[in-house]
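The structure appears right after this line, and notes come after that.
Proteins come first, then strands; the chains are lettered A, B, ... in the order of their sequence lines, and each starts at number 1.
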Amino acid sequence: MTAIPRSIRSRRRFDATPYLFIAPAVALIALVYGYPIIRIVIDSFLAPTASGGKTVSTANYSNVVADPVFWKSAGNNLFLLIGVPIMTALALLVAAVLFEQIRGWRVYRTLVFTPYILAVPVIGATFVYLYGFNGIVNTLLRDTGLGGLAQDWLGSPSLVVPSILSVIVYREFGFGVMLFLARMATVNVELYEAAMLDGAGWWARFRYITIPQLHSVIGFFVVIELITMLSWVFAYVYSMTGGGPGFASSVLEIYIWKNAFAYRAVGIASAVAVLLLVATSVFVIIQLLVRKGDAETGEE
Amino acid sequence: MHTSIQRLGGLLAAGLIVAACGGSAASPAPGQGGSGAAAGPVDLTFWYWAESDAPGADKWMADTVTAYHALHPNVTIKVDPQSTDTLQSAFQTAAASNSGPDIASQWATGPVLSFVWTGAVSAISDLVPADEMKHWLNTNENTYQGKVWAAPMYLLGIGLAYNKDLFAKAGVTPPTGDRWTWDEFLAACAKLKAAGITPFVGGDKNGYLGAWWFANVGGQQLDSAQDLVQAVVGNKSFTDPKYTGWYSELEKLVKNGYVNNDVMSLDLDQGVRLFQQGKGAMAFTSDGMLATAVSQLGGDKVGVMQPPKWGSGKLADAGNATQSISFFVTKWSAHQKEAADFLQYLHTPDRLKAWYAATGVVAADDRFDSSLITVPQLQQMAKFETTGPQVWLENWIPPQLDGDGDIPAGQTIFSGSGSAADAGALWERVANTWRSAHPDEVANWQNLLK
């Protein structure tokens with residue numbers, strides 16, 4: 001190892017120029033992200049008292065964990081995580097098929113991606129009509145002699161969350177398809193050619209070349225969708241059911257929103273927001289670790 | 001979110017019918033709406049909400065501000081329309097810093113009084129002469145410790161509309177008085193169902209149909225709104241049949257097939273639309289919904305009665321009209337007299353007439369000229385809304401109990417996923433949760449019992 005001259009080491013140690021360049025951005029980020037987070041953490045530990053004041057305590061947290069609606073909401077968020085492997089597998093398969101440039105693949109690609117560019121409330125409102133008890137899905141079932149399968153997809157407490165999940169998968173998996181297609185386009189074609197020369201079929205090429213080559217972007221997509229399922233499903237739920245019937249489809253975002261805006265319980269909302277932030281941060285850290293590992297091994 | 005009746009946005013089509021009545025230019029009589037105006041320049045800010053209840057209200061307010069400014073050139077009023085979802089939280093933020101509008105809007109009773117309790121409101125009865133206030137209706141909704149804290153503007157009520165043709169087809173006779181007993185209602189439902197007609201139509205996907213049932217039937221075993229507050233603060237239990245026993249009756253309606261089978265797939269207004277399309281014999285309707293039904297089905301095809309009488313408490317005989325939104329002067333306003341004078345001006349006869357022309361909603365003032373209402377069914381509704389004591393029960397519970405108790409309990413019954421006992425247990429559990437998380441509010445609600 002070549003020793004770095006002392007003068008260069010000194011200059012590097014004390015050169016503040018790069019930090020000055022990024023200082024405004026750091027300050028802005030601290031203001032935009034840092035202040036609200038600090039404020040929320042503080043509010044989560046301020047609980048109202050009978051005299052009308054506030055006291056520093058963990059009462060908000062204990063009230064939250066004692067509330068069955070919180071657990072129902074958290075449970076629904078966890079249930080939605082089932083959608084992540086489903087949409088990942090679906091997106092991989094569809095991307096692989098489209099990558100083969102089958103006839104009309106450009107049209108299929110557009111069709112698959114279109115839901116992702118539509119606003120969630122638009123998708124939600126559409127599926128309200130599709131999934132209504134006398135909506136299009138049930139009408140089709142009844143008209144084709146399958147009326148026994150007709151259900152109140154959004155009105156039944158046992159079916160509402162799976163129904164919402166299907167809508168989320170329908171919209172989000174198009175994002176995965178585009179991500180995977182973009183990465184597939186950069187995979188060295190010689191790998192596929194060599195495999196074909198060795199007699200590898202479509203499945204073998206998919207299993208042993210495509211998936212390993214895409215593992216980094218798959219990891220990215222999975223983490224993004226895990227975070228989505230935990231903390232970005234408000235618009236889906238709000239536009240389709242509002243969290244009902246009862247609390248059957250409530251999620252943590254709905255719980256926070258109700259407490260913060262409808263019930264004026266800022267402390268309770270803040271406590272749940274902190275818990276949700278911690279949960280999503282775990283996934284963000286996992287993603288960072290995965291990317292760091294890729295960088296160290298030289299993979300993309 | 002506090003009360004479902006406040007979410008009638010876009011439903012009040014009565015303006016179409018009454019538009020022919022026309023409006024008129026502002027010309028208040030001397031001494032009306034002018035007594036409190038200062039000589040110097042006065043800037044007032046008004047956080048205003050009404051359009052969702054009464055389409056046309058924003059335009060009316062703009063005209064009213066212009067007319068008032070013409071009378072008092074030194075007074076400038078800036079109107080900031082408020083969003084339904086953030087109406088309470090936005091004002092809470094303002095109140096926390098003792099700054100914000102001079103005049104604000106909140107829904108009656110619970111929301112208004114919660115800000116009274118935090119010291120953000122000046123009593124309107126301290127600012128407006130008693131001989132003026134005696135004309136205002138439903139002031140009891142915002143009366144606390146002998147003072148009235150906010151001004152009403154209009155009244156909303158719910159009636160049970162019925163389709164005369166479908167009744168005749170099933171051999172059902174409308175009540176001779178203003179309402180049926182519960183048994184008569186059930187008998188009519190049975191006849192209608194036997195004739196292949198859906199007896200009652202509605203939509204509870206957003207939970208407001210259940211809330212309307214609570215507001216119309218749920219309090220019929222109670223003697224007063226304070227009875228309800230007793231359970232809110234924990235002196236009584238919501239599992240007592242006196243409070244939630246009525247869910248058994250609602251459960252019967254659902255189980256007997258007297259309610260449309262897609263009730264959980266439709267929002268409140270979508271459910272009422274079934275009635276307006278002639279697809280159901282009865283529905284709960286507001287004035288606006290009733291006006292639409294009359295215009296779509298024909299004036300001779302629609303009737304309206306009060307909700308059936310089930311209970312034996314004093315509230316069983318009360319009406320259900322509420323002022324919904326209330327306007328009040330903030331404690332920190334530097335121009336309280338002028339702000340109160342403007343609220344007084346809203347109740348001048350000319351403004352009341354213009355209000356009805358713009359919105360088709362009955363004004364909360366005994367000087368309102370009821371002859372402006374030309375549709376017989378709406379005249380009937382106005383009579384229900386202005387005769388006798390009026391209690392809209394949803395106003396008397398905290399928003400959390402409404403959102404997490406009242407609304408989900410109704411959905412539990414309509415979706416068939418739980419029993420009346422489950423609904424009662426849910427109310428009690430949410431009340432316990434609220435009391436545990438909001439000891440400050442509990443102390444204030446207890447004041448309502450004094």
Looking at every heavy atom in both Leu113(B) and Asn142(B), which two are closest together, and how far apart are they?
CD2-O, 4.4 Å
For chain A, the option from Ser114(B), Gly210(B), Pro408(B) that forms the most heavy-atom pairs under 4.5 Å
Pro408(B)
Which answer fits Gln270(B), side chain, backbone, both or neither, if we ask what part of it has an atom under 4.5 Å from a heavy atom of chain A?
side chain
Residues in side chain to side chain contact (heavy atoms under 4.5 Å, CB included) with Ile227(A), at least two apart?
Val223(A), Ser231(A), Trp232(A), Thr280(A), Phe283(A), Val284(A)
Validation row, ring centre Tyr258(B) to ring centre Phe200(B) under 6.0 Å
no
Could you check, using the six-membered ring where one of them is a Trp, whether Phe115(B) and Trp107(B) have ring centers closer than 6.0 angstrom?
no
Inter-chain contacts: residues 140-168 of chain A against chain B, heavy atoms under 4.5 Å:
Asp152(A), Gly155(A), Pro157(A)
Interchain contact, Leu426(B) with chain A, by part (heavy-atom threshold 4.5 Å)
side chain
Expected contact set for residues 429-440 of chain B against chain A at heavy-atom separation under 4.5 Å reads Arg429(B), Thr433(B), Ser436(B), Ala437(B), His438(B), Pro439(B), Asp440(B)
Cation-pi geometry met for Arg171(A) and Phe113(A) (6.0 Å, 45°)
no
Which bit of Asn261(B) is near chain A, if near means a heavy-atom gap under 4.5 Å: side chain, backbone, both or neither?
both
Ring-ring centroid check Tyr236(A) Phe127(A), cutoff 6.0 Å
no
Which portion of Asn444(B) sits near chain A, non-hydrogen atoms under 4.5 angstrom:
neither
Side chain to side chain donor-acceptor pair (under 3.5 Å) partners for Tyr247(B), two or more places apart
Trp427(B)
Can the ring centres of Tyr255(A) and Tyr263(A) be said to be less than 6.0 Å apart?
no
